Amino acid sequence: RPETRDTEVIYHWDISRIPSNGYVAINRRRREILVVYRGSVVFGDWVEDYTANLVSFPESVLGSQVSMGFLEGYQSANPRVMDTVLELASAFPEYKIVATGHSLGGARASLFVADVAARYPELIPRIEMYTYGKPRCGNSVYAQYMDSLGIPYIRQIYKGDVYPHLPIKQLGYVHFGAEVWIPEDDEYTICQSGDYSRCSESLPLARLNTEEHYKYYWLH
């Protein structure tokens with residue numbers, strides 16, 4: 001694909017104990033440090049196991065909580081991932097840091113951004129984030145914190161993909177950032193943070209499905 005041309009993978013991880021995989025790469029042509037989290041193949045497993053468990057994160061943000069399951073997967077790879085990103089950020093101070101992921105990977109990309117912003121605030125102006133089919137991953141305080149960073153962020157949802165509607169809001173989970181909803185292949189609607197009523201939340205429950213979670217254009 002043209003958009004991945006000149007991308008060099010610096011570090012790749014694949015952890016089976018708490019399934020987590022992805023890579024850190026650099027693209028000198030685009031002047032970007034890329035942090036890419038892959039989504040789980042058996043994505044539905046976390047819904048059963050983790051939706052009721054909210055834990056404090058980042059610790060420096062009072063009241064902020066995220067899914068324990070998402071956080072465990074993030075932390076299983078974090079030390080080496082963070083060290084690699086910090087080394088690259090120092091070596092290439094003019095490069096952007098772009099975090100991205102599909103599905104569960106989008107949730108972990110969000111946790112990476114929150115972690116970097118809390119621990120290394122001097123890097124915030126360099127961060128961007130793009131997620132696809134990302135589930136809700138934290139409470140309202142976490143969402144407010146992420147919005148307060150002011151970073152470029154797009155959260156894309158394809159048609160009736162059910163997973164961005166999980167974990168359910170009744171358990172305390174909240175989305176953040178602008179949503180780009182694609183109701184049809186040649187259409188899109190943008191909803192700003194806090195009001196998604198014109199986007200995917202406008203769909204009736206019966207219209208949501210798992211099949212469209214795997215039909216984002218770049219997955220094929």
Side-chain angles (χ1 to χ4, degrees), residues 18-22 35-58 64-78 99-115 129-147 149 151 153-183 191-197 199-216 218-219:
I18 300 178
S20 175
N21 52 66
V35 188
V36 182
Y37 291 86
R38 180 184 175 188
S40 173
V41 176
V42 286
F43 185 81
D45 290 351
W46 65 263
V47 177
E48 179 180 352
D49 294 340
Y50 300 132
T51 52
N53 302 310
L54 283 163
V55 295
S56 297
F57 182 83
S64 176
Q65 295 183 311
V66 301
S67 160
M68 182 176 71
F70 296 165
L71 184 60
E72 287 178 346
Y74 166 71
Q75 291 178 331
S76 69
N78 174 58
T100 188
H102 168 253
S103 186
L104 179 58
R108 289 172 177 167
S110 164
L111 299 179
F112 167 78
V113 168
D115 200 9
M129 179 166 59
Y130 304 92
T131 64
Y132 307 86
K134 182 185 79 67
R136 300 182 181 102
C137 56
N139 67 359
S140 60
V141 177
Y142 178 75
Q144 291 165 11
Y145 170 67
M146 296 300 287
D147 278 335
L149 300 179
I151 65 170
Y153 172 46
I154 293 177
R155 179 172 58 83
Q156 186 180 114
I157 298 177
Y158 183 73
K159 296 187 177 180
D161 179 1
V162 68
Y163 290 114
H165 299 268
L166 301 171
I168 60 175
K169 291 187 286 186
Q170 289 82 347
L171 293 175
Y173 288 83
V174 179
H175 271 309
F176 63 88
E179 175 182 325
V180 177
W181 179 44
I182 303 175
C191 291
Q192 298 304 318
S193 183
D195 182 9
Y196 306 117
S197 59
C199 288
S200 63
E201 290 188 3
S202 66
L203 291 175
L205 185 61
R207 177 63 181 80
L208 303 179
N209 63 87
T210 59
E211 290 80 7
E212 286 168 336
H213 184 64
Y214 302 100
K215 293 185 177 179
Y216 291 82
W218 48 267
L219 288 175

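A quick note: this is a predicted structure, and the numbers were derived from the prediction, not measured. Heads up: numbering here begins at 1 and tracks the sequence. Excluded from the calculations below are hydrogen atoms, water molecules and symmetry mates; all remaining heavy atoms, backbone and side chain alike, are included.
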Short side-chain to backbone donor-acceptor contact, Gln65 and Asn139, under 3.5 Å
no
One pair to check against side chain to side chain contact (heavy atoms under 4.5 Å, CB included): Phe70 and Val55. What are the steps and the verdict?
CA-CA 10 Å; Phe70 296 165; Val55 295; over 6 Å; no
For a 4.5 angstrom cut-off between non-hydrogen side-chain atoms, does Lys169 reach His175?
no
Mind listing the closest non-hydrogen atom pair of Ala109 and Gly101 along with its distance?
CB-N, 4.3 Å
So how far is it from Ser193 OG to Arg155 CZ, rounded to the nearest 0.5 Å?
8.0 Å
Going from CG on Asn78 to CD on Glu72, what distance comes out if it is rounded to the nearest 0.5 angstrom?
13.5 Å
Side chains of Tyr173 and Pro135 in contact at under 4.5 Å (non-hydrogen atoms):
no
Does a salt bridge link Glu211 with Lys159, judged by any charged N lying under 4.0 Å from a carboxylate O?
no
Quick one: OG1 on Thr131 to NE2 on His102, what's the gap to the nearest 0.5 Å?
10.0 Å
Rounded to the nearest 0.5 Å, what's the gap from CG on Leu54 to CG on Leu171? Could you check?
8.0 Å
Can you confirm if the aromatic rings of Phe176 and Tyr153 lie within a centre distance of less than 6.0 Å?
yes
Counterpart residues, side chain to side chain donor-acceptor pair (under 3.5 Å), relative to Tyr158 (two or more places apart):
Asp185
For Leu71 and Ser56, work out which heavy atoms get closest and say how close.
CD2-O, 4.4 Å
Scanning both residues in full, the closest heavy-atom pair of Ser20 with Ser76 reads CB-OG, 3.7 Å
In terms of heavy-atom contacts, Gly105 and Tyr37 come closest through O-CB, 3.3 Å
Hits for ring-ring contact (aromatic ring centres under 6.0 Å, His included) against Phe57, two or more places apart or cross-chain, chain-then-number order -> none
For the student: nearest non-hydrogen atoms of Pro58 and Ala114, plus distance
CG-O, 3.9 Å
Could you check whether Asp161 and Tyr216, counting side-chain N and O atoms only, form a donor-acceptor pair closer than 3.5 Å?
yes
Quick one: closest heavy-atom pair of Met146 and Val113, and the distance?
CE-CG1, 3.8 Å
Residue set satisfying ring-ring contact (aromatic ring centres under 6.0 Å, His included) with Tyr130, at least two apart, ordered chain then number -> none
Which distance, rounded to the nearest 0.5 Å, do you find between the SG of Cys199 and the CD of Gln192?
9.0 Å
After noting the C-alpha distance and the side-chain angles of Met129 and Lys134, does the key distance pass the side chain to side chain contact (heavy atoms under 4.5 Å, CB included) rule?
CA-CA 12 Å; Met129 179 166 59; Lys134 182 185 79 67; over 6 Å; no
Geometric class of the Tyr214/Tyr163 ring pair [parallel <30°, tilted 30-60°, perpendicular >60°]:
perpendicular
Would you give the length of the straight line joining atom OG of Ser110 to atom CG of Asp115, rounded to the nearest 0.5 angstrom?
11.0 Å
Just by distance, do the side chain of His165 and the backbone of Gly160 share a donor-acceptor pair under 3.5 Å?
no
Are the side chains of Leu203 and Trp181 in contact, using a 4.5 Å heavy-atom criterion?
yes
